[in-house]
Amino acid sequence: MILKRVLILLIILVFTVGSVLAEDDISLDLEPSVTDMYTINNFLVYQPYKPKKNEKIFNEASIKINSVNPTVATNQAGGYLPGVRGTNQLVVYTGGYAIRTGTNEFGAEAIVEDNTVTELSGADSFIPKNGLVISGHGVAKNWINKNIKIGTKVYIDAVSNTLYVYTTSESYLFEASKKIDEARAMVDYYKASSADYDFTVPNEYIKEAQEYLKKAGHDIENSKEYSEKAIKSANTALKSVVPYKNNEFKGVWVRPTETSEREISNSVERIKKAGIDNIFIETYFHGRTIFPSKTMEKYGFVKQNEKFEGFDPLRAWIKYAHRNDIKVHIWFETFYVGIQRPEVNPGNILAVKPEWANKTKRNYNITAPTPSISEHNGFFIDPANPEVQDFLLELISEIIKEYKVDGINLDYIRYPQAVSVNEPNSWGYTDFARNEFKTIYGKDPVDIPIKDPLWLKWCEYRRNKITHFVSKVGALGREKGVYISAVIFPDRLSALTNKQQDWKSWSEKGYVNGFTPLFLTCNAKTLNALVTNVMKAKLPATDLFAGLFVTFMGGSEEDLIREIHETRKINANGVILFDYAHLDDRYIETLSKRVFNEKDDKSPTRLRRIETAVPAQTQVTKPVPQVQQKKKGWFFRKK
């Protein structure tokens with residue numbers, strides 16, 4: 001009894017203190033509880049989901065959440081990784097955490113508004129103010145792909161840190177309705193854009209989808225089957241909405257694997273079938289050329305990638321591409337030389353020229369080259385070293401002289417990615433760069449902390465080295481009549497601080513003809529924001545070809561159409577798909593249906609209509625888990 005009274009008094013005391021603090025607007029400097037952390041911006045998702053009358057649950061799953069709104073302090077497993085999301089982790093980002101999740105392309109994400117999944121994405125998703133983003137990598141990514149779809153209902157038990165998801169009959173109705181609305185909006189956009197726009201076919205599919213959706217709403221037993229038919233019709237409408245556009249650049253990046261002319265001819269024909277008119281053939285990558293290079297041989301490097309010895313695939317690609325009215329750009333990995341360790345690969349560039357290796361401040365006095373941890377432990381060469389620049393310019397000159405190329409696409413035209421913005425992880429601390437900088441400014445960069453005024457000069461020094469090389473390639477392109485483009489990082493601040501890439505100045509000074517930024521997302525909204533930022537920063541004279549990552553990330557065909565649609569709304573000059581290895585037949589079929597098909601863009605394949613009722617399936621409604629009682633004293637680390 002005594003113990004009971006003590007507990008009652010303690011509870012009363014807690015509530016009294018809480019009331020006083022609330023009334024006087026006083027707050028204790030305590031870390032927020034898990035429930036507080038979750039409910040800052042959203043409440044509905046933290047309430048157990050209660051199915052409506054006659055609502056069926058087709059799939060129910062749960063998973064432990066590894067971290068909510070992760071920071072380096074609260075989620076060490078995420079450490080330096082983008083979005084602070086670790087290997088195989090499931091992470092939740094709530095409204096107010098940031099504008100976007102900041103994650104990389106090796107995951108899956110579900111955007112939740114209130115308690116419903118409204119969009120699926122792959123990376124760096126916008127975080128809704130009235131919801132959250134569920135993000136997973138590895139095992140967690142597979143779980144998301146298996147258990148979450150548009151319309152899935154979400155419940156988070158903040159006490160047990162568990163995520164519950166339910167895919168129900170309402171989920172299917174939600175997705176069908178959403179996709180019908182989307183298709184209709186896209187039709188309206190093109191009708192308003194052009195009086196000649198033919199909307200007959202997409203409208204037929206929209207009407208068909210609406211009929212199925214109506215049946216789904218009335219026939220409870222067969223709601224799922226009719227909803228799926230509505231979704232399929234709406235998806236087909238989406239694929240047939242976006243018309244062919246003249247003078248739009250349609251490209252694809254290609255890492256060649258073919259070792260015969262027949263194989264290359266077949267690949268070119270397949271690319272042509274997709275409606276693609278520009279090929280970016282990876283010619284110099286991992287410190288090797290696909291063609292027998294006199295320049296590589298002159299410097300003592302491997303003359304040609306061993307895979308292609310005795311055969312010149314570059315010449316064959318150009319031959320068959322030009323025969324099919326497809327232009328060829330040289331995809332050139334400028335300062336990146338691959339993942340092969342030089343000590344076990346005597347033909348490696350850094351085995352022959354170890355002094356060319358780029359280094360971090362942390363490893364400036366170590367003989368071995370520094371691998372870039374966040375870039376597959378690959379190695380880079382030093383942009384500040386004039387010997388490096390001379391070699392690369394000579395190699396590009398050889399390609400332009402010996403082959404009838406239409407363009408040069410500079411990739412890895414930057415310093416390695418800094419893991420974090422601090423001196424130990426910063427790049428460029430080579431003997432040449434340190435000595436030259438000290439000669440100019442009187443101080444070794446190794447002795448310059450970020451707070452030193454000379455730090456800005458050190459950053460400027462490195463950026464200027466990259467820009468100087470771009471200017472030389474640009475001049476060569478103008479002289480030879482070859483189009484010069486560059487792969488840039490869309491986030492200008494990140495490009496400047498983490499990669500020393502000042503691409504805006506390249507546009508302002510006219511060093512390049514175009515930019516080919518790669519947008520690592522399947523989400524149209526994220527793409528729109530990223531492309532818009534680049535469009536605002538560059539000059540109108542610099543073309544922008546949006547690099548789309550949908551195929552690499554395994555996004556849907558509809559995702560690809562959505563992203564092409566977004567680039568047209570923003571008036572980008574065209575798109576480039578990454579990459580040919582992931583350009584499955586389903587994508588080619590979608591592209592050739594209308595959006596990339598100049599000859600016939602109005603005849604998508606018709607779907608079979610449902611004329612009779614679908615057989616009913618037995619359904620067992622699953623129980624929703626009960627809310628666990630909140631544990632007292634469990635606090636979350638302050639963010």
Side-chain angles (χ1 to χ4, degrees), residues 284-288 295-296 298-301 332-343 345 347-396 410-419 423-441 443-448 455 457-473 486-487 489 495-503 506:
Y284 171 68
F285 63 96
H286 288 196
R288 300 282 202 278
T295 301
M296 296 291 285
K298 169 186 170 181
Y299 278 82
F301 306 145
F332 192 89
E333 292 186 355
T334 313
F335 296 112
Y336 180 66
V337 292
I339 60 174
Q340 290 186 346
R341 300 198 67 85
E343 62 267 27
N345 293 277
N348 185 287
I349 285 179
L350 293 181
V352 179
K353 297 283 188 179
E355 68 276 13
W356 286 8
N358 207 329
K359 293 183 178 182
T360 59
K361 179 177 180 179
R362 189 188 307 277
N363 296 326
Y364 78 91
N365 59 350
I366 297 176
T367 303
T370 304
S372 180
I373 297 173
S374 62
E375 299 178 278
H376 309 292
N377 285 310
F379 297 96
F380 286 73
I381 50 180
D382 181 18
N385 193 319
E387 288 186 8
V388 168
Q389 294 208 10
D390 289 346
F391 157 68
L392 293 171
L393 191 64
E394 193 173 336
L395 184 57
I396 292 173
L410 299 174
D411 196 2
Y412 289 95
I413 185 68
R414 58 178 175 83
Y415 276 75
Q417 177 171 289
V419 171
E423 306 110 82
N425 294 312
S426 185
W427 289 85
Y429 294 83
T430 63
D431 289 344
F432 180 89
R434 289 169 55 210
N435 290 331
E436 184 177 58
F437 186 88
K438 185 176 181 180
T439 299
I440 299 171
Y441 295 100
K443 196 169 186 179
D444 188 335
V446 169
D447 300 322
I448 300 176
W455 175 259
K457 288 296 182 181
W458 172 230
C459 292
E460 183 182 84
Y461 168 88
R462 289 174 290 171
R463 292 167 192 162
N464 287 344
K465 292 297 183 179
I466 301 290
T467 298
H468 180 58
F469 182 75
V470 173
S471 72
K472 290 191 288 186
V473 177
V487 180
F489 276 77
L496 286 169
T497 57
N498 296 335
K499 305 168 185 74
Q500 307 304 326
Q501 187 186 67
D502 184 14
W503 52 260
W506 309 346

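Quantities reported herein were computed from a predicted structural model and do not represent experimental measurements.
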Of all residues at least two apart in sequence or in a different chain, which pass the side chain to side chain donor-acceptor pair (under 3.5 Å) check with Gln389? Lys472
Please examine the side chains of Ile349 and Trp356, heavy atoms only from C-beta on, and report whether any two atoms are closer than 4.5 Å. yes
Listing, residues 427-434 side-chain donor-acceptor contacts under 3.5 Å, not counting sequence neighbours, or none:
{"residue": "Tyr429", "atom": "OH", "partner": "Trp458", "partner atom": "NE1", "Å": "3.1"}
{"residue": "Thr430", "atom": "OG1", "partner": "Asp382", "partner atom": "OD2", "Å": "2.7"}
{"residue": "Thr430", "atom": "OG1", "partner": "Ala433", "partner atom": "N", "Å": "3.2"}
{"residue": "Arg434", "atom": "NE", "partner": "Asp444", "partner atom": "OD1", "Å": "3.1"}
{"residue": "Arg434", "atom": "NE", "partner": "Asp444", "partner atom": "OD2", "Å": "3.3"}
{"residue": "Arg434", "atom": "NH2", "partner": "Asp444", "partner atom": "OD2", "Å": "2.8"}

Verify, without hydrogens or angle tests, whether Ser372 (side chain) and Asn377 (backbone) share a donor-acceptor contact under 3.5 angstrom. no
Would you say Trp455's side chain and Ile448's backbone share a donor-acceptor pair under 3.5 angstrom? no
Please report the interatomic distance NE2(His376) to CD1(Ile339), rounded to the nearest 0.5 Å. 8.5 Å
Check Pro424 against Thr360 and note the closest heavy-atom contact, atom names and distance. O-CB, 3.6 Å
Which atom names give the shortest non-hydrogen contact between Asn385 and Glu387, and what distance separates them? OD1-N, 2.9 Å
To the nearest 0.5 Å, how far apart are CG in Leu395 and NZ in Lys298? 11.5 Å
Taking only residues two or more places apart in sequence or in another chain, which ones pass salt bridge (charged side-chain N to carboxylate O under 4.0 Å, His left out) with Lys361? Glu423
Closest heavy-atom pair, Lys359 versus Thr367, reported as atoms and distance to 0.1 Å, is NZ-O, 3.8 Å
Taking the basic N atoms (NZ, or NE/NH1/NH2) and the acidic carboxylate oxygens, is any pair closer than 4.0 Å for Glu460 and Lys457? yes
Give me the one residue out of Tyr336, Phe379, Phe469, Phe335 that meets ring pair (Phe, Tyr, Trp, His ring centres under 6.0 Å) with Tyr412. Tyr336
Distance in Å, Ile466 CD1 paired with Trp506 CH2, rounded so as to fall on 0.5 Å steps: 7.0 Å
Can you tell me how far apart OG1 (Thr370) and CZ (Arg362) are? Round to the nearest 0.5 Å. 10.0 Å
Measure the OG1-CH2 distance between Thr467 and Trp503 for me, rounded to the nearest 0.5 Å. 12.5 Å
Which residues share a salt bridge (charged side-chain N to carboxylate O under 4.0 Å, His left out) with Arg414, sequence neighbours left out: Glu375
Is any side-chain heavy atom of Val352 closer than 4.5 Å to one of Tyr299? no
Under the salt bridge (charged side-chain N to carboxylate O under 4.0 Å, His left out) test, which residues partner Lys465, sequence neighbours left out? Glu436
Centroid-centroid under 6.0 Å between Tyr461 and Tyr441 rings: no
Working for ring pair (Phe, Tyr, Trp, His ring centres under 6.0 Å), residues Tyr284 and Phe332: CA-CA 5 Å; Tyr284 171 68; Phe332 192 89; 4.8 Å; yes
Not counting sequence neighbours, which residues clear side chain to side chain donor-acceptor pair (under 3.5 Å) with Ser471? List them please. none
Please say which of Pro445, Pro383, Ser426 ends up in a side-chain contact (heavy atoms from CB on, under 4.5 Å) with Arg462. Ser426
From CZ (Arg463) to OH (Tyr415), nearest 0.5 Å: 11.0 Å
Criterion side-chain contact (heavy atoms from CB on, under 4.5 Å) against Leu410, the qualifying member of Val487, Leu392, Ile396: Ile396
Flag this pair as yes if the NZ/CZ of Lys499 is under 6.0 angstrom from the six-membered ring centre of Phe489 and inside a 45 degree cone about the axis; otherwise no. yes
Judged by atom type as modelled, is there a donor-acceptor pair below 3.5 Å linking the side chain of Gln417 to the main-chain atoms of Asn498? no
